[in-house]
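The structure appears below as structure tokens.
Values in this document were obtained by computation on a predicted structure and should not be read as measured data. Numbered from 1 within each chain, the chains take letters A, B, ... in sequence-line order. Because only heavy atoms are used, hydrogens play no part in the values below, and waters and symmetry mates are left out as well, while side chains stay in.
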There are 2 protein chains.
Amino acid sequence: MEDRQQHTEEEIRERLNQSGLKATPQRVLVYEAMCALGHASADAVFQHLGAGQGKMTLATVYNVLESMTQAGLLIRRPSFSSKMYFDVHTDAHCHIYQQDTSEISDFCDETLQRNVEARIRAQLPAGLQLDRVEIQILCHSQSHEA
Amino acid sequence: MEDRQQHTEEEIRERLNQSGLKATPQRVLVYEAMCALGHASADAVFQHLGAGQGKMTLATVYNVLESMTQAGLLIRRPSFSSKMYFDVHTDAHCHIYQQDTSEISDFCDETLQRNVEARIRAQLPAGLQLDRVEIQILCHSQSHEA
DNA sequence: AAATGTATTTATAATAATTCAAAATAACAA
DNA sequence: TTGTTATTTTGAATTATTATAAATACATTT
């Protein structure tokens with residue numbers, strides 16, 4: 001659904017290596033899962049894998065997500081629940097949180113993103129270096145009126 | 001520290017009533033704590049209260065935060081940890097997340113906020129009603145280079 | 001003031017999400 | 001192969017949150 005540009009196992013191995021991570025089977029599987037899911041919680045990745053044959057511990061999923069995040073292959077997404085979410089799309093982009101259905105979807109507007117970043121960078125307190133700007137759009141469907 | 005406009009017990013009682021909540025002592029205490037803290041997790045509120053004499057269960061803190069959120073007195077803040085945060089400032093405003101120290105601070109730019117909202121509203125998929133836009137600024141101090 | 005019904009709080013147990021520690025396994029280099 | 005290090009597994013430990021049932025407080029009517 002997301003931007004599906006052929007993520008062959010070879011490509012993934014290579015990407016892992018480039019980021020300084022050994023391409024273990026578990027890491028490849030988790031990365032594949034993340035590509036398929038776009039953004040997901042550790043548990044969601046675990047579920048997704050459970051369906052396949054690759055047996056893997058939940059702790060490993062956490063480990064792998066953590067090391068990939070360190071390596072810059074994933075980023076943590078802020079969430080409104082008490083659950084942590086990761087995203088394969090490491091470039092900044094907005095997210096729509098539909099509060100009545102709990103659905104999360106992407107919302108891309110590169111111009112907006114660039115403008116906001118520029119403006120914020122200009123006003124950032126001295127000594128701080130901007131990493132990225134996350135924009136979340138909270139909404140609900142018109143039928144479900146608040 | 002935040003915007004400290006006299007939050008007397010009477011004012012709080014009144015605000016609770018206006019929002020359709022009975023002004024129980026626990027609710028008053030939690031709201032006072034939230035005013036003092038600005039944004040906080042349930043646990044942080046509990047700690048803050050523990051210091052005082054008002055004995056209250058952690059479960060009550062959760063209950064109260066939840067009902068205040070329902071009533072519109074608080075909002076949930078997205079977080080990068082697996083912990084839920086609440087905020088007394090229900091008007092939309094940006095937050096700075098300093099990743100090396102985990103500090104969170106407010107960043108106000110009403111013009112930016114308005115512009116972003118307008119632009120997003122214009123592009124929102126049909127059938128969706130915009131509730132609010134949250135902007136998070138991730139950064140680190142220049143000394144701690146990534 | 002007593003009685004009633006409802007809302008709220010408490011205490012505690014249960015669940016969910018995450019992390020930790022130690023042993024087992026795999027990968028790698030000498 | 002052997003030794004070394006990184007990774008995964010298992011399972012327990014923590015942390016965060018929610019659920020349940022009993023106790024208490026509140027508000028209203030009598």
Side-chain angles (χ1 to χ4, degrees), chain A residues 9 12-14 16-34 37 39-50 52-71 73-74 76-86 102, chain B residues 9 12-14 16-17 19-34 37 39-50 52-71 73-74 76-86 102 104:
Chain A
E9 188 172 326
I12 293 177
R13 271 176 198 295
E14 193 156 332
L16 283 165
N17 288 327
Q18 281 169 359
S19 306
L21 294 179
K22 283 180 212 166
T24 67
Q26 289 85 348
R27 283 172 179 164
V28 173
L29 283 171
V30 167
Y31 195 82
E32 278 172 349
M34 285 301 299
L37 297 168
H39 39 67
S41 63
D43 185 59
V45 170
F46 186 62
Q47 303 281 294
H48 183 90
L49 291 174
Q53 74 289 58
K55 259 291 143 267
M56 195 183 322
T57 315
L58 181 55
T60 300
V61 174
Y62 274 101
N63 282 342
V64 170
L65 290 174
E66 174 63 25
S67 44
M68 285 185 182
T69 302
Q70 301 273 11
L73 284 168
L74 301 176
R76 279 176 218 282
R77 278 257 166 265
S79 92
F80 288 92
S81 76
S82 56
K83 214 181 208 178
M84 205 132 60
Y85 283 85
F86 297 86
S102 306
Chain B
E9 188 172 326
I12 294 177
R13 268 174 201 297
E14 195 158 332
L16 283 166
N17 288 327
S19 307
L21 294 178
K22 281 180 214 168
T24 67
Q26 290 83 349
R27 283 173 179 166
V28 173
L29 284 170
V30 167
Y31 194 82
E32 277 171 350
M34 285 301 299
L37 297 168
H39 38 68
S41 63
D43 186 60
V45 170
F46 186 63
Q47 303 281 295
H48 184 88
L49 292 174
Q53 72 290 57
K55 260 290 141 269
M56 196 185 321
T57 316
L58 181 55
T60 300
V61 175
Y62 275 101
N63 282 342
V64 171
L65 290 174
E66 173 64 25
S67 44
M68 285 185 180
T69 302
Q70 301 273 10
L73 284 168
L74 302 176
R76 281 175 216 281
R77 277 257 166 265
S79 94
F80 289 93
S81 75
S82 55
K83 215 182 208 179
M84 205 133 59
Y85 282 85
F86 296 86
S102 305
I104 302 177

Do A/M34 and A/L65 pass the side chain to side chain contact (heavy atoms under 4.5 Å, CB included) test, and can you show the C-alpha distance, the side-chain angles, and the key distance before you say yes or no? CA-CA 9 Å; A/M34 285 301 299; A/L65 290 174; 4.1 Å; yes
Minimum heavy-atom separation for A/R13 and A/A23, please, with both atom names. NH1-O, 3.1 Å
Measure CZ/A/R76 against P/C/dA17 and give the value in whole Å, please. 16 Å
Measure the distance from CZ on A/F86 to C1' on C/dT18 and round it to the nearest whole Å. 10 Å
I'd like to check the side chain to side chain contact (heavy atoms under 4.5 Å, CB included) partners of B/E32; sequence neighbours left out, ordered by chain and number. B/E9, B/I12, B/V28, B/L29
Spacing between A/L49 atom CG and D/dT8 atom C1', to the nearest angstrom: 14 Å
Rounding to an integer number of Å, can you tell me how far B/L65 CG sits from D/dA16 P? 14 Å
Can you sort out which residues in residues 18-27 of chain A have a heavy atom within less than 4.0 Å of DNA chain D? Ascending by number, please. A/K22, A/T24, A/Q26, A/R27
dist B/F86:CZ -> B/R76:CZ (nearest 0.5 Å) comes out at 4.5 Å
Expressed as a whole number of angstroms, how long is the span from B/D43:CG to D/dA16:C1'? 8 Å
Can you tell me how far C1' of D/dT17 sits from CE of A/M84, to the nearest Å? 16 Å
Can you check whether B/M56 reaches B/V30 side chain to side chain, under 4.5 Å on heavy atoms? yes
Calculate the interatomic distance between A/L29 atom CG and C/dA26 atom C1'; express it in whole Å. 16 Å
Would you indicate whether the side-chain heavy atoms of B/V64 and B/V45 approach each other to under 4.5 Å? no
Residues which pass side-chain hydrogen bond (donor to acceptor under 3.5 Å, both in side chains) with B/E14, listed by chain and number, not counting sequence neighbours: none
With a 4.0 Å heavy-atom cut-off, tell me which residues in residues 57-64 of chain A come close to DNA chain D, sorted by residue number. A/T57, A/A59, A/T60, A/N63, A/V64
Residues in side chain to side chain contact (heavy atoms under 4.5 Å, CB included) with B/S82, at least two apart? none
From CD of B/E66 over to C1' of D/dT18, roughly how many Å is that when rounded to an integer? 10 Å
Sequence-distant partners of B/F80, ring pair (Phe, Tyr, Trp, His ring centres under 6.0 Å), two or more places apart: B/Y97
